[in-house]
There are 2 protein chains.
Amino acid sequence: MTTQGTGTATEGAGGAEAVSRFVERFAAQLVEAGMQRMPARIFAALLASDSGALTSAELGAQLQVSPAAVSGAVRYLTQVNMVTREREPGSRRDRFVVHGNQWYEALTNRDAVLKRWEVALREGVAGLGEDSPAGQRLAETLAFFEFIEGEVASMMERWRVHRAEHFE
Amino acid sequence: MTTQGTGTATEGAGGAEAVSRFVERFAAQLVEAGMQRMPARIFAALLASDSGALTSAELGAQLQVSPAAVSGAVRYLTQVNMVTREREPGSRRDRFVVHGNQWYEALTNRDAVLKRWEVALREGVAGLGEDSPAGQRLAETLAFFEFIEGEVASMMERWRVHRAEHFE
DNA sequence: CAGTGATTTCACAAACTTGTGAAGTTAAGG
DNA sequence: CCTTAACTTCACAAGTTTGTGAAATCACTG
C-alpha cells in the first residue's frame, strides 16, 4: 500500500511524456531481443510505474490497446513469471505487479531455454556419433552450455549479495 | 585443410538422416529463443558438419532453399560473428565456417544487447527522476545488468580454462 | 441469486515476415 | 577482354503474427 489515492500511476514530476518515451524505447530493445511486442510494452510500463503495479484498464489506456491485447500479453508474462497477477480485495479488477527481484530470477530462468538446447545437442551427439568430428563439436557446445548453466546459479547468488549491500 | 576429398560434408556413419534431425530440432530451439529461422537452420547445419564449413551450394542443397535465402541468412550470421566467410583460393565459391570458440564469444557478445538495454534504462532513470520510486526501480534494474555484464567477462575466462583442460 | 463490471475467447482483418525466381553484379580463368 | 560460375539484390506472393471488436464467461456485491 505505498501509493494509493490518486489512481493515476505516473509521477507528478517527469510526467506521462517521459514514461511513454521510456516504455517505447525499452520495449523496442526487448522486442529486438526476441520478445513479443505487447508483452514487452506492458512489462516496460509496469517497470516505469511508481507502484510497480497497474490494472488492466490502466495498461490499456496508457498503451492505447484493447483489453483483449492486454489479456493475452499478461497471460504470457505471468506464465514466464516476470509479473504476478493480484486481485485487490474489495475490487473486482486485477493488478499486475513487477515484484522486485522476481523478474531477474525469471530472466535467469531462461535456463529453461538452455535446458532445451542441451537436450537437442545431446540427441545430436548421439545421432551423429560422439567420435565423429561433428559429434565432437556438438559435445563441446553441449559442455559449454552445461558450464554456463552452473555458473548462472552462482552468479545470481553473488547478485543477491551485491543487491543487499547497495539497495536494502 | 582438415577434411578434403569427398566433397560431401556429412559423415558416413550417422548419415544425412541424423544430421537433418539435429539441424531441424536445434534450429527450432534457436528460433524459439528469438533467432530467425533461416540463420538458425544454416548455423545448425554448419555445427553438424564434420569440417565445420560448408559452401553456399551445399547449404542450399541440404536445407532445400534458394541461393537467395542462403545469401541473406549468411550475411546476418557473419554480421553477428557467429560464422566467418572464407574464400577458398583457386575456387570461386565461398565457404562458411564455424570457428570453434568464436561463436561462444559471439553468443556472449550479446552483451551488445545488454549495453543497449542499459542505455534505455539510463535514459529512463534520467527522464523519470532518480528519486522517484519508478526511477529507483529502473536504477536497480540498470545495476543488475551492469553487474551481469561484469560477471559475463569473468565467466568466459573461467570457461576458457575449463575448455582447455577438457578439450585440448 | 440477480446485476454488473471485469476479463477472456474467438473469428477475422491488417501488417509484417520470409523465401522465391529472375535479373543484375562481380571477378576468376581462359 | 570475353565467358561463365558464384553470389547478391529486388519485387512480389505466400504464410504467419498481431491486435481488434463483439460476444461469452466469470465472480463480486448487494
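So you know, we letter chains A, B, ... as the sequences are listed, proteins then strands, and number each from 1.
Comparing A:S91 and A:A68 by the nucleotide of DNA chain C whose heavy atom lies nearest to each, the residue mapping closer to the 5' end is A:S91. Checking B:G90 against A:T55, the closest nucleotide of DNA chain C that is more toward the 5' end is the one next to A:T55. Between A:P39 and B:V74, the residue whose closest nucleotide on DNA chain D is further toward the 5' end is B:V74.
Environment of CZ in A:R93: sparse, with no more than 12 heavy atoms of neighbouring residues, nucleotides or ligands closer than 6.0 Å.
Residue pairs meeting the ring pair (Phe, Tyr, Trp, His ring centres under 6.0 Å) criterion with at least one partner in residues 80-100 of chain B, sequence neighbours excluded, are absent. Pairs of residues two or more places apart, or lying in two chains, never qualify as side chain to side chain donor-acceptor pair (under 3.5 Å) while including a residue from residues 71-82 of chain A. Screening residues 33-56 of chain B for ring pair (Phe, Tyr, Trp, His ring centres under 6.0 Å), with sequence neighbours left out, gives B:F43-B:W103. The ring pair (Phe, Tyr, Trp, His ring centres under 6.0 Å) pairs that include a residue from residues 126-155 of chain A are A:W117-A:F145, A:F144-B:Y104, A:F144-B:W159, A:F147-B:W159, A:F147-B:H162, where partners are two or more places apart or lie in different chains.
A:R160 pairs by the salt bridge (Lys or Arg N to Asp or Glu O under 4.0 Å) definition with A:E105, A:E157, not counting sequence neighbours. Under the salt bridge (Lys or Arg N to Asp or Glu O under 4.0 Å) criterion, B:E130 pairs with no residue, sequence neighbours left out. In terms of the salt bridge (Lys or Arg N to Asp or Glu O under 4.0 Å) criterion, residue partners of B:R21 (sequence neighbours excluded) are, by chain and number, B:E17. Listed by chain and residue number, A:E24 satisfy the salt bridge (Lys or Arg N to Asp or Glu O under 4.0 Å) test with A:R41 (two or more places apart in sequence, or in another chain).
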For residues 28-40 of chain B, dump all side-chain donor-acceptor pairs below 3.5 Å to protein atoms at least two apart in sequence or in another chain.
unit_1, atom_1, unit_2, atom_2, d
B:Q29, OE1, A:R116, NE, 3.1
B:E32, OE2, A:R116, NH2, 3.3

| query | In dot-bracket form, how is DNA chain D paired, counting a Watson-Crick or G-U wobble pair only if both its distances are under 3.5 Å and using | for bases paired to another strand? | reply | ||||||||||||||||||||||||||||||
Atom pairs, N/O to N/O, protein against nucleotides 24-27 of chain D, distance under 3.5 Å?
none

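With rounding to whole Å, B:E32 atom CD is found 15 Å from D:dT17 atom C1'.
First and last contacting nucleotides of DNA chain C toward chain A (any atom under 4.0 angstrom from a heavy atom, 5' to 3' order): C:dG3 to C:dT9.
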